[in-house]
Amino acid sequence: MDNLYSSTLENLERTFMPYLSEYQRYIDFQTMRDMKQVIKDKRPVYFDLDIDELVEMNTRHIMDVFWNGVFFTAVIPSSNTFKGTIEVYGKPPKMLLGRFEKEEGEDTFHPTFLKEEFTRRKGLGDTLRDFSKVLYTYLASYVEHRERTGDDTTSEHPGEAILEGWDFPFLDGHPDLKKEWGSLKKRTVTQFRRMDELEIEEQYALETMVEKDVPEFIESFERLSEANKEIRKEEIFETMNDLHEFIRKLEYKEEEGHAQKFSRSKGIIASKYNKDDENFFSRKEKDV
């Protein structure tokens, strides 16, 4: 029965999608058809989705998943310092078919790499891109839900023990400022925990900020009269912007380091598999 089903699909492919036969070794006819069903909302993306590995890093999640035998690897940022990415690999997952990136604040995916055969046939590239968008949206919501339902710390902001002297009573009456302060504290803790990876000057600056500059700023502000506090509230916002900018630079350098390591790894893999592919095709030519 399975052979009959497979044979029927092959006949359909040759009849209605003859251009797809050369891609059979990457993604088969049925899988491509299922991708289109997902894109059209006729079936859920999480059906047959196997999450193989989820790696939680300071500023991103890296997830490996299999869907109908096709391998995808996704980078889900938890900050806005780099791009979200979906990479699609064929069956078996040795050859990169396409890489699609999503800029912060954008809804669309842009292909930064697409295997030549898929580029020549626009419909195939569009299918990979549109399916990647649906998959990315689902995985991002999966990570977000996982974080919400995970183990919470007793502190309002994880790692507050590191930020001794950062309690800011004045902000209790200003929800917007308090929210921004909470975001700054969370990002500061993240950078403080990777202290050993920073340069000496950055270590000194971060330690001084955490242990001296910010606590002294809060202490001096709290000594003001209530009237003066309201008058000088704008100075808190300006100070927070300065601190955010400092942390942003540390986050950017961290992601630069990740990108360099990724590029080196990618280069090694690409050269290895390109070499293997050349040997494979040369052997095939000799056999012919």
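Below, all heavy atoms of this structure are taken into account, side chains as well, without hydrogens, waters or symmetry copies.
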For Ser183 versus His244, what's the shortest heavy-atom pair and its separation? OG-CE1, 4.2 Å
Walk me through it: do Glu230 and Lys233 pass the test side chain to side chain contact (heavy atoms under 4.5 Å, CB included)? CA-CA 5 Å; Glu230 290 296 334; Lys233 182 177 65 176; 4.2 Å; yes
Please find the pair of heavy atoms, one from Glu202 and one from Phe246, that lie closest to each other, and give the distance. O-CZ, 4.4 Å
Show the numbers, then the answer: is there a side chain to side chain contact (heavy atoms under 4.5 Å, CB included) between Gln37 and Phe131? CA-CA 9 Å; Gln37 295 293 305; Phe131 179 82; over 6 Å; no
Answer yes if Val70 and Ile51 sit in the same cluster of Ile, Leu, Val, Met, Phe, Trp and Tyr residues linked by side chain heavy atoms under 4.5 Å apart, and no otherwise. yes
Once you round to the nearest 0.5 Å, how far does CE of Met35 lie from CG of Asp130? 11.0 Å
Can you name the nearest heavy-atom pair linking Ile27 to Met32, along with the distance? CG2-N, 4.0 Å
Please verify the inter-ring angle class for Phe221 with Phe168; under 30° counts as parallel, over 60° as perpendicular, anything in between as tilted. perpendicular
Please round to the nearest 0.5 Å and tell me the distance separating atom CD1 of Ile231 and atom OG of Ser225. 7.0 Å
How many angstroms lie between CE in Met209 and CG in Leu163, if you round to the nearest 0.5 Å? 8.0 Å
Should Glu255 and Tyr252 count as side-chain neighbours, where that means a heavy-atom distance under 4.5 Å? no
With a 3.5 Å cut-off and no angle check, do the side chains of Glu254 and Gln191 form a donor-acceptor pair? yes
Phe113 atom CZ: more than 12 heavy-atom contacts under 6.0 Å: yes
Is the shortest heavy-atom distance from the side chain of Asp176 to the side chain of His174 under 4.5 Å? no
Search all heavy atoms of Glu235 against all heavy atoms of Thr239 and return the closest pair with its distance. O-OG1, 2.8 Å
Decide yes or no for Asp167 and Ile218: does some side-chain heavy atom of the first lie under 4.5 Å from some side-chain heavy atom of the second? no
As an exercise, state the distance from CZ of Phe217 to CD1 of Ile236, rounded to the nearest 0.5 Å. 5.5 Å
Is the shortest distance from a Lys or Arg side-chain nitrogen in Glu245 or Arg248 to a carboxylate oxygen in the other one below 4.0 Å? yes
Going only through I, L, V, M, F, W and Y residues with side-chain contacts under 4.5 Å, is there a path from Phe47 to Leu135? no
With a 3.5 Å cut-off and no angle check, do the side chains of Gln30 and Asp34 form a donor-acceptor pair? yes
Quick one: list whatever passes salt bridge (Lys or Arg N to Asp or Glu O under 4.0 Å) with Asp172, sequence neighbours left out. Lys178
Could you label the plane-to-plane angle of the Phe100 and Phe109 rings as parallel, tilted or perpendicular, counting under 30° as parallel and over 60° as perpendicular? perpendicular
Flag side-chain contact, heavy atom, 4.5 Å: Trp181 against Lys185: yes
Is it the case that atom CZ in Arg232 sees more than 12 heavy atoms from other parts of the structure closer than 6.0 Å? no
The criterion is salt bridge (Lys or Arg N to Asp or Glu O under 4.0 Å); which residues satisfy it with Asp52, sequence neighbours excluded? none
Is Glu207 salt-bridged to Lys212, going by a charged N under 4.0 Å from an acidic O? no
According to a hydrophobic-cluster definition based on side-chain heavy atoms being under 4.5 Å apart (Ile, Leu, Val, Met, Phe, Trp, Tyr only), do Tyr46 and Val88 belong together? yes
Taking the side chain as every heavy atom from C-beta outward, state whether Phe72 and Leu139 have any atom pair closer than 4.5 Å. no
Between Phe237 and Glu180, is a side chain to side chain contact (heavy atoms under 4.5 Å, CB included) present by the stated rule, with each step listed? CA-CA 9 Å; Phe237 183 75; Glu180 287 296 320; 5.6 Å; no
If two hydrophobic side chains count as joined below 4.5 Å and joins carry through other members, does Ile247 share a cluster with Tyr204? no
Just so I know, are the side chains of Leu128 and Leu114 near enough to count as touching, which here means a heavy-atom distance under 4.5 Å? yes
For Gly84 and Tyr136, the nearest pair of non-hydrogen atoms, with its separation, is CA-OH, 3.5 Å
Is it true that a side-chain atom of Gln203 and a backbone atom of Met195 form a donor plus acceptor pair closer than 3.5 Å? yes
Could you state the interatomic distance from CG (Leu243) to CE (Met240), rounded to the nearest 0.5 Å? 8.5 Å
Are the side chains of Arg99 and Glu87 in touch, meaning some heavy atoms are under 4.5 Å apart? yes
Rounded to the nearest 0.5 Å, the OH atom of Tyr138 sits from the CH2 atom of Trp67 at a distance of 13.5 Å
